[in-house]
Student: 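So that we are looking at the same thing, I have put the structure below in structure tokens.
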Amino acid sequence: PPEACMACTDGSTPADAECPGGPAGDGPTYMIYAKEPHGPWSKPQQLFNSQTNFTNLDTNLALVILPNNSVVGIARNEGPPTTDLTHLVTAEDWRDPESY
């Protein structure tokens, strides 16, 4: 996973912050999960590896896990010139990053 930006406080990042990897929208989306809110947490797994030119950024991912463990949801990516585009995301198994 990318190195965390230590310039962030109270849920925001100053405009002049120099964070590793650049602005938040430039990094890939990672998934972690746990059975309980306090962990233990899984190892971070990068999603959308096969879609590096489309979805491989901080997608602000919002998903619903269905009873058969598949996923349906929405994600964003950058669009020209300064817009965010929203699109459908599916996965065969929410635990398998290669199925996204």
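Just so it is clear, the structure is predicted and the values come from calculations on it, not from any experiment.
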Student: Can you name the side-chain contact (heavy atoms from CB on, under 4.5 Å) partners of Asp16, sequence neighbours left out?
Tutor: Pro14

Student: Mind listing the closest non-hydrogen atom pair of Pro40 and Ala34 along with its distance?
Tutor: O-CB, 3.2 Å

Student: First locate atom CD1 of Ile32, then atom CD of Gln45, and finally report the distance between them rounded to the nearest 0.5 Å.
Tutor: 10.5 Å

Student: Under a 4.5 Å side-chain heavy-atom rule over Ile, Leu, Val, Met, Phe, Trp and Tyr, are Phe48 and Leu88 clustered together?
Tutor: no

Student: Could you tell me the separation between the CD atom of Glu98 and the CG atom of Asp93, rounded to the nearest 0.5 Å?
Tutor: 12.0 Å

Student: Go through the steps to decide whether Thr29 and Gln46 satisfy the test side chain to side chain contact (heavy atoms under 4.5 Å, CB included), and finish with yes or no.
Tutor: CA-CA 6 Å; Thr29 296; Gln46 186 175 342; over 6 Å; no

Student: Rounded to the nearest 0.5 Å, how far does CH2 of Trp41 lie from NZ of Lys35?
Tutor: 13.5 Å

Student: For Leu63, which residues count as a side-chain contact (heavy atoms from CB on, under 4.5 Å) partner, sequence neighbours excluded?
Tutor: Leu61, Val71, Val89, Tyr100

Student: Taking Ser42 for the side chain and Tyr33 for the main chain, is one N or O donor matched with an acceptor at less than 3.5 Å?
Tutor: yes

